[in-house]
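Worksheet for the structure shown next.
Quick note: numbers below take in every heavy atom, side chains included, and nothing from hydrogens, waters or symmetry partners.
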Amino acid sequence: MKRAIVPGTFDPVTEGHLDVIRRASQIFGEVVVAVAESPGKGPLFSHEERVELVRQSTADMPNVGVEPFDGLLVEFAQSRGPSVVVKGLRAITDFEYEFQMNALNYELSNEIETLFIMSPPKFMYLSSSVVKEIARLGGAFSQFVTPCVEEALVRKFGRG
Ligand code: PNS
(Lines give C-alpha, C1' and ligand atoms only; values in the text may rest on other atoms or scores of the structure.)
Protein backbone atom coordinates (compact mmCIF):
# COMPACT_ATOMS: atom_id res chain seq x y z
CA MET A 1 0.00 0.00 0.00
CA LYS A 2 1.82 3.09 -1.23
CA ARG A 3 -0.80 5.83 -1.13
CA ALA A 4 -2.12 7.60 1.97
CA ILE A 5 -5.17 9.83 2.08
CA VAL A 6 -5.18 12.41 4.85
CA PRO A 7 -8.73 13.80 5.11
CA GLY A 8 -9.98 16.78 7.04
CA THR A 9 -11.86 20.05 6.96
CA PHE A 10 -8.66 22.09 7.43
CA ASP A 11 -10.44 25.31 8.46
CA PRO A 12 -7.61 26.35 8.37
CA VAL A 13 -4.70 23.91 8.21
CA THR A 14 -2.48 24.09 11.33
CA GLU A 15 1.04 22.94 12.20
CA GLY A 16 -0.64 19.95 13.89
CA HIS A 17 -2.20 18.87 10.58
CA LEU A 18 1.08 19.51 8.77
CA ASP A 19 2.92 17.30 11.25
CA VAL A 20 0.58 14.40 10.41
CA ILE A 21 0.85 15.08 6.65
CA ARG A 22 4.65 15.31 6.82
CA ARG A 23 4.97 12.10 8.79
CA ALA A 24 2.60 10.29 6.44
CA SER A 25 4.69 11.56 3.50
CA GLN A 26 7.77 9.95 5.06
CA ILE A 27 6.03 6.58 5.38
CA PHE A 28 4.04 6.45 2.12
CA GLY A 29 5.17 6.99 -1.45
CA GLU A 30 2.32 9.39 -2.13
CA VAL A 31 0.00 11.40 0.09
CA VAL A 32 -3.28 12.93 -1.03
CA VAL A 33 -4.63 15.53 1.37
CA ALA A 34 -8.41 15.36 0.91
CA VAL A 35 -10.07 18.62 1.88
CA ALA A 36 -13.73 17.97 2.75
CA GLU A 37 -16.33 20.58 1.89
CA SER A 38 -17.91 20.04 5.35
CA PRO A 39 -20.80 22.50 4.85
CA GLY A 40 -22.39 21.28 8.08
CA LYS A 41 -19.41 22.63 10.05
CA GLY A 42 -19.98 26.19 8.79
CA PRO A 43 -16.33 26.73 7.91
CA LEU A 44 -14.77 30.18 8.16
CA PHE A 45 -12.81 29.69 4.94
CA SER A 46 -14.41 28.65 1.64
CA HIS A 47 -13.66 25.21 0.25
CA GLU A 48 -11.39 26.79 -2.40
CA GLU A 49 -9.56 28.91 0.19
CA ARG A 50 -8.92 25.87 2.41
CA VAL A 51 -7.58 23.82 -0.51
CA GLU A 52 -5.30 26.69 -1.55
CA LEU A 53 -3.98 27.20 1.99
CA VAL A 54 -3.16 23.48 2.31
CA ARG A 55 -1.48 23.59 -1.13
CA GLN A 56 0.71 26.52 -0.15
CA SER A 57 1.47 25.06 3.28
CA THR A 58 2.59 21.70 1.81
CA ALA A 59 4.56 23.14 -1.12
CA ASP A 60 7.81 21.87 0.43
CA MET A 61 6.56 18.25 0.48
CA PRO A 62 7.17 16.83 -3.01
CA ASN A 63 5.05 13.67 -2.70
CA VAL A 64 1.99 15.47 -1.28
CA GLY A 65 -0.99 16.49 -3.42
CA VAL A 66 -4.11 18.32 -2.32
CA GLU A 67 -7.63 17.67 -3.62
CA PRO A 68 -11.10 18.87 -2.67
CA PHE A 69 -13.92 16.38 -2.10
CA ASP A 70 -17.58 16.77 -1.29
CA GLY A 71 -18.93 13.24 -0.95
CA LEU A 72 -18.19 10.30 1.29
CA LEU A 73 -14.58 9.79 2.31
CA VAL A 74 -14.72 6.07 1.51
CA GLU A 75 -15.89 6.85 -2.04
CA PHE A 76 -13.13 9.40 -2.51
CA ALA A 77 -10.58 6.87 -1.21
CA GLN A 78 -11.90 4.12 -3.48
CA SER A 79 -11.76 6.42 -6.51
CA ARG A 80 -8.03 6.88 -5.89
CA GLY A 81 -7.25 3.15 -6.06
CA PRO A 82 -5.48 1.18 -3.32
CA SER A 83 -4.91 3.52 -0.43
CA VAL A 84 -5.14 3.84 3.32
CA VAL A 85 -6.70 6.70 5.24
CA VAL A 86 -4.33 8.35 7.72
CA LYS A 87 -5.58 10.56 10.54
CA GLY A 88 -4.02 12.30 13.49
CA LEU A 89 -4.98 11.45 17.05
CA ARG A 90 -4.37 13.99 19.79
CA ALA A 91 -6.26 12.88 22.87
CA ILE A 92 -8.85 10.49 24.24
CA THR A 93 -11.56 12.89 23.08
CA ASP A 94 -10.36 12.47 19.48
CA PHE A 95 -10.37 8.72 19.94
CA GLU A 96 -14.07 8.67 20.81
CA TYR A 97 -14.98 10.57 17.62
CA GLU A 98 -12.54 8.68 15.40
CA PHE A 99 -13.74 5.37 16.82
CA GLN A 100 -17.26 6.24 15.64
CA MET A 101 -16.09 7.52 12.24
CA ASN A 102 -13.98 4.42 11.71
CA ALA A 103 -16.91 2.13 12.51
CA LEU A 104 -19.25 4.04 10.16
CA ASN A 105 -16.66 4.09 7.38
CA TYR A 106 -16.16 0.35 7.86
CA GLU A 107 -19.92 -0.19 7.44
CA LEU A 108 -19.82 1.86 4.23
CA SER A 109 -16.79 0.05 2.85
CA ASN A 110 -14.67 -2.54 4.61
CA GLU A 111 -12.00 -2.16 1.93
CA ILE A 112 -10.61 1.07 3.36
CA GLU A 113 -8.17 0.78 6.25
CA THR A 114 -7.62 3.71 8.62
CA LEU A 115 -4.29 4.27 10.36
CA PHE A 116 -3.73 6.77 13.16
CA ILE A 117 -0.64 8.83 13.81
CA MET A 118 -0.42 10.13 17.35
CA SER A 119 0.37 13.80 17.75
CA PRO A 120 3.50 14.77 19.66
CA PRO A 121 2.79 16.58 22.97
CA LYS A 122 3.36 20.06 21.51
CA PHE A 123 0.41 19.63 19.14
CA MET A 124 -1.96 17.83 21.50
CA TYR A 125 -3.86 20.98 22.41
CA LEU A 126 -3.81 22.47 18.91
CA SER A 127 -6.91 22.67 16.70
CA SER A 128 -8.23 24.90 13.94
CA SER A 129 -10.93 26.04 16.37
CA VAL A 130 -8.51 27.33 19.01
CA VAL A 131 -6.37 29.06 16.37
CA LYS A 132 -9.48 30.84 15.00
CA GLU A 133 -10.52 31.80 18.53
CA ILE A 134 -7.10 33.30 19.32
CA ALA A 135 -7.04 35.12 15.95
CA ARG A 136 -10.56 36.45 16.47
CA LEU A 137 -9.64 37.78 19.91
CA GLY A 138 -6.44 39.41 18.67
CA GLY A 139 -3.90 37.08 20.33
CA ALA A 140 -0.60 35.80 18.90
CA PHE A 141 -1.05 32.65 16.86
CA SER A 142 1.74 32.67 14.26
CA GLN A 143 3.53 29.73 15.92
CA PHE A 144 0.55 27.48 15.17
CA VAL A 145 0.22 28.06 11.42
CA THR A 146 2.25 28.73 8.27
CA PRO A 147 2.75 32.36 7.14
CA CYS A 148 0.11 32.09 4.37
CA VAL A 149 -2.50 30.88 6.89
CA GLU A 150 -1.48 33.64 9.30
CA GLU A 151 -2.04 36.21 6.54
CA ALA A 152 -5.39 34.65 5.63
CA LEU A 153 -6.55 34.81 9.27
CA VAL A 154 -5.38 38.40 9.62
CA ARG A 155 -7.38 39.25 6.47
CA LYS A 156 -10.48 37.64 8.03
CA PHE A 157 -10.19 39.13 11.51
CA GLY A 158 -7.77 42.02 11.22
CA ARG A 159 -4.84 42.33 13.60
CA GLY A 160 -5.60 42.30 17.33
O1 PNS B 1 -10.98 17.82 10.18
P2 PNS B 1 -12.27 17.13 10.51
O3 PNS B 1 -13.44 18.08 10.36
O4 PNS B 1 -12.27 16.46 11.85
O5 PNS B 1 -12.42 15.96 9.41
C6 PNS B 1 -13.58 15.17 9.38
C7 PNS B 1 -13.72 14.50 8.01
C8 PNS B 1 -13.75 15.55 6.91
C9 PNS B 1 -12.58 13.55 7.80
C10 PNS B 1 -15.07 13.73 8.03
O11 PNS B 1 -16.10 14.59 8.40
C12 PNS B 1 -15.39 13.10 6.69
O13 PNS B 1 -14.85 12.07 6.35
N14 PNS B 1 -16.28 13.78 5.92
C15 PNS B 1 -16.71 13.31 4.60
C16 PNS B 1 -18.12 12.72 4.66
C17 PNS B 1 -18.05 11.31 5.22
O18 PNS B 1 -17.52 10.41 4.61
N19 PNS B 1 -18.53 11.16 6.47
C20 PNS B 1 -18.37 9.89 7.19
C21 PNS B 1 -19.60 9.06 7.10
S22 PNS B 1 -20.50 9.23 8.57
Side-chain angles (χ1 to χ4, degrees), residues 1-91 94 97-98 101-102 105 112-120 122-136 139-157:
M1 203 69 83
K2 295 278 166 57
R3 184 184 298 109
I5 293 176
V6 181
T9 302
F10 303 107
D11 184 42
V13 65
T14 68
E15 290 292 351
H17 295 127
L18 294 170
D19 179 70
V20 173
I21 296 166
R22 189 169 288 109
R23 288 203 275 153
S25 77
Q26 287 159 359
I27 298 167
F28 293 89
E30 182 195 349
V31 173
V32 176
V33 182
V35 181
E37 189 179 16
S38 298
K41 295 191 175 178
L44 172 69
F45 291 97
S46 73
H47 201 188
E48 294 72 26
E49 286 174 318
R50 285 178 279 131
V51 169
E52 188 50 35
L53 290 173
V54 180
R55 280 214 176 104
Q56 290 178 28
S57 300
T58 56
D60 62 331
M61 303 181 210
N63 60 340
V64 174
V66 185
E67 291 182 38
F69 80 106
D70 57 11
L72 287 172
L73 173 61
V74 290
E75 284 177 5
F76 177 84
Q78 271 161 349
S79 74
R80 291 299 173 280
S83 47
V84 295
V85 169
V86 172
K87 299 181 111 179
L89 208 51
R90 288 165 303 186
D94 274 357
Y97 171 73
E98 295 297 348
M101 293 290 285
N102 187 58
N105 284 337
I112 303 294
E113 208 61 69
T114 305
L115 298 181
F116 293 94
I117 291 183
M118 294 206 65
S119 297
K122 65 176 176 173
F123 294 133
M124 271 182 183
Y125 58 88
L126 186 56
S127 68
S128 299
S129 302
V130 298
V131 170
K132 283 182 286 190
E133 180 77 349
I134 297 168
R136 191 174 65 80
F141 60 89
S142 60
Q143 68 271 40
F144 305 129
V145 294
T146 55
C148 66
V149 174
E150 183 188 2
E151 278 168 32
L153 281 165
V154 168
R155 274 199 301 277
K156 290 275 180 200
F157 294 117

Could you walk me through whether E37 and R50 pass the salt bridge (Lys or Arg N to Asp or Glu O under 4.0 Å) test, one step at a time? CA-CA 9 Å; E37 189 179 16; R50 285 178 279 131; over 6 Å; no

If you round to the nearest 0.5 Å, how far is CD of E133 from OG of S128? 13.0 Å

With distance as the sole test, does S25 use its side chain to make a donor-acceptor pair with the main-chain N or O of V31 at under 3.5 Å? no

Do side-chain atoms of R23 reach the backbone of I117 as a donor and acceptor pair under 3.5 angstrom? no

Taking it one step at a time, do L44 and L153 satisfy side-chain contact (heavy atoms from CB on, under 4.5 Å)? CA-CA 9 Å; L44 172 69; L153 281 165; 4.1 Å; yes

To the nearest 0.5 Å, what is the distance between CD1 (I112) and CG (N105)? 9.0 Å

With a cut-off of under 6.0 Å to the ring centre and 45° to the axis, is R155 in cation-pi contact with F157? no

Shortest non-hydrogen contact between A135 and F141, atoms and distance: CB-CE2, 3.6 Å

I need the single residue from K132, E49, R136 that forms a side chain to side chain contact (heavy atoms under 4.5 Å, CB included) with K156. Which is it? E49

Test side-chain contact (heavy atoms from CB on, under 4.5 Å) on M61 and T58 and set out the steps. CA-CA 5 Å; M61 303 181 210; T58 56; 4.1 Å; yes

Non-hydrogen side-chain atoms of V149 and V13 separated by less than 4.5 Å: yes

Taking every heavy atom of S119 against every heavy atom of M124, the minimum-distance pair comes out as O-CE, 3.5 Å

Any side-chain heavy-atom pair of E67 and F76 under 4.5 Å: yes

Once you round to the nearest 0.5 Å, how far does CZ of F69 lie from CD of E75? 10.5 Å

Pairwise side-chain contact, F28 with V86, heavy-atom cut-off 4.5 Å (strictly under): yes

Residue pair A77 / V85: nearest heavy atoms and the distance that separates them: CB-CG2, 4.4 Å

Atom CG in L73, atom OG1 in T114: separation rounded to 0.5 Å? 7.0 Å

Can a donor-acceptor pair be found, under 3.5 Å and without considering hydrogens, that links the side chain of S127 to the backbone of V130? yes

Taking the basic N atoms (NZ, or NE/NH1/NH2) and the acidic carboxylate oxygens, is any pair closer than 4.0 Å for E98 and K87? yes

Do the side chain of R90 and the main chain of L126 share a donor and acceptor less than 3.5 angstrom apart? yes

Taking C-beta and beyond as the side chain, do P120 and D19 meet within less than 4.5 Å on heavy atoms? yes

Rounded to the nearest 0.5 Å, the CG atom of N102 sits from the OH atom of Y97 at a distance of 12.0 Å

In short, A140 meets I134 closest at the heavy-atom pair O-CG2, 3.7 Å

Does this structure show an ion pair linking E15 with K122, if we count only N-O contacts that are shorter than 4.0 Å? no

Nearest atoms (heavy-atom pairs only) where F10 meets V54: CB-CG2, 3.9 Å

I5 versus S83, closest heavy-atom pair with distance: CD1-OG, 3.6 Å

Could you tell me whether the side chain of D11 and the main chain of P43 form a donor-acceptor pair under 3.5 Å? no

In Å, rounded to the nearest 0.5 Å, how long is the span from CD of Q143 to OG1 of T14? 12.0 Å

Could you go through K2 and E30, starting from their C-alpha distance and side-chain angles, then the distance that decides it, and tell me whether this counts as side-chain contact (heavy atoms from CB on, under 4.5 Å)? CA-CA 6 Å; K2 295 278 166 57; E30 182 195 349; over 6 Å; no

Find out whether T9 and V35 are in side-chain contact, i.e. whether some heavy atom of one side chain is under 4.5 Å from a heavy atom of the other. no

